[in-house]
Amino acid sequence: WRLILLPTRRASVVTAALLLFYGAVAGRAASVARAVTVAVLLLAARALDHRAQTFDVLAVAALVAVAAAPVVVLDAGFLLSFGATAGILLGVPLLAPSSTEPRHRVSAARRTGRVVRTMLAATVCAELALAPVAATLFGRVSFAGFVLNFAAIPLMSVVQVGGLVIAASAGAIAPLALLAARTVHGAASALLASAALVDVAPWLVVDAPPPVW
């Protein structure tokens, strides 16, 4: 939107509308609803020139989800999605605090190291937050995410962006759509294949009795 000189407030409104459309197309899974609701709330606050705390917005999104369908508190997707996000928001600022140093003064190597540290911190926080949920719902706790997330996050990004390219170009630029489709296929295949890590290292998954409330 900056490239076409659209003002920030209008850009926020247009982006929120596009996200609502995306959410309707992608389905009503708890993780999709959480992501879309949080993003739309933040964009609405920006459009109204309000500053919103991220954790407060997450809490409001959870309340909206529960108000819309109270039974969602028993849904695994709801607990996993909101639990992981809450763990990241609470823990990452403590484990990997953001730097106030100007970006142009930071070398590429240091920026890369910071990204890796932040991703590791986010993975640790999410896994710790979800361990009780996994033990309760599935009777097991997996530590494979500490490794797999480093592959899953970039691969899923490729899948999502490539999917958007396919949707935008399939009817107009067939060669671009074909190239994007092959890229998405390769990323999705690699994402599925990465799950074989637990076959190679079964000790990464530990059976656990459900915790006593």
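Throughout, numbering of the chain's residues begins at 1 and tracks the sequence. None of the values given here were measured: they were computed from a predicted structure.
Under a 4.5 Å side-chain heavy-atom cut-off, the cluster of Ile, Leu, Val, Met, Phe, Trp and Tyr residues that includes Val205 is completed by Val198. Side-chain heavy-atom separations under 4.5 angstrom define the hydrophobic clusters, and the remaining members of the one that includes Val92 are Ile88. In this structure, Leu192 stands alone, with no Ile, Leu, Val, Met, Phe, Trp or Tyr side-chain heavy atom under 4.5 Å from its own, directly or through other members. With side-chain heavy atoms closer than 4.5 Å counting as contact, directly or through intermediates, Leu3 stands alone and belongs to no larger hydrophobic cluster.
Among all heavy-atom pairs drawn from Arg46 and Arg9, the shortest one is O-CG, 4.1 Å. Nearest heavy-atom pair, Ala180 versus Gly162, reported as atom, atom and distance to 0.1 Å: CB-O, 4.0 Å. What you find for Gly23 and Val36 is that their closest heavy atoms are CA-CG2, 4.0 Å. Residues Ala135 and Val141 approach most closely at CB-CG2, 4.0 Å, considering heavy atoms. Summarising the geometry of Val158 relative to Ala187, their closest heavy-atom pair is CG1-CB, 3.7 Å, with the distance given to 0.1 Å.
Distance check, rounded to the nearest 0.5 Å: CG of Leu128 to CG of Leu90 gives 12.0 Å. Distance check: Leu42 CG to His50 NE2 gives 13.0 Å after rounding to the nearest 0.5 Å. Interatomic distance, Leu130 CG to Thr136 OG1, rounded to the nearest 0.5 Å: 11.0 Å. Once rounded to the nearest 0.5 Å, the distance linking CG of Leu20 with OG1 of Thr15 reads 11.0 Å. We find the CG-SG distance between Leu89 and Cys125 to be 9.5 Å, quoted to the nearest 0.5 Å. The CG atom of Leu148 lies 7.0 Å from the OG atom of Ser142; values are rounded to the nearest 0.5 Å.
Cluster membership for Val165 and Ile173, using ILVMFWY side-chain heavy atoms within less than 4.5 angstrom, is shared. Linking Ile, Leu, Val, Met, Phe, Trp and Tyr whenever their side-chain heavy atoms come within less than 4.5 Å leaves Met119 and Leu155 in two separate clusters. By the rule that hydrophobic residues join a cluster once side-chain heavy atoms approach within less than 4.5 Å of another member, Val57 and Phe55 end up as members of one cluster. Under the 4.5 Å side-chain heavy-atom criterion for grouping Ile, Leu, Val, Met, Phe, Trp and Tyr, Met156 is not connected to Val32 through any hydrophobic cluster. Clustering ILVMFWY residues whenever any of their side-chain heavy atoms sit less than 4.5 angstrom apart, transitively, puts Leu19 in a cluster other than the one holding Leu41.
Every pair passing side-chain hydrogen bond (donor to acceptor under 3.5 Å, both in side chains) that includes a residue from residues 147-162 is listed here, sequence neighbours excluded: Thr123-Asn149. Annotation: ring-ring contact (aromatic ring centres under 6.0 Å, His included) contacts involving residues 142-181, sequence neighbours excluded, are absent. Screening residues 140-166 for salt bridge (charged side-chain N to carboxylate O under 4.0 Å, His left out), with sequence neighbours left out, gives Arg140-Asp207. Annotation: salt bridge (charged side-chain N to carboxylate O under 4.0 Å, His left out) contacts involving residues 117-136, sequence neighbours excluded, are absent.
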Expected list for residues 58-83: side-chain donor-acceptor pairs under 3.5 angstrom, two or more places apart:
unit_1	atom_1	unit_2	atom_2	d
Asp75	OD2	Gly77	N	3.1
Asp75	OD2	Phe78	N	3.0
Ser81	OG	Arg34	NE	2.7
Ser81	OG	Arg34	NH2	3.1

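Every residue meeting the side chain to side chain contact (heavy atoms under 4.5 Å, CB included) condition with Ile4, not counting sequence neighbours, appears here in chain and number order: Trp1, Leu6. Applying the side chain to side chain contact (heavy atoms under 4.5 Å, CB included) rule to Val184 yields the partners Val159, Ile166; only residues at least two apart in sequence or on another chain are considered. Taking the side chain to side chain contact (heavy atoms under 4.5 Å, CB included) definition, one finds that Val147 meets it with Leu197, sequence neighbours left out.
Around CZ of Arg10, the count of heavy atoms belonging to other residues, nucleotides or ligands within 6.0 Å does not exceed 12.
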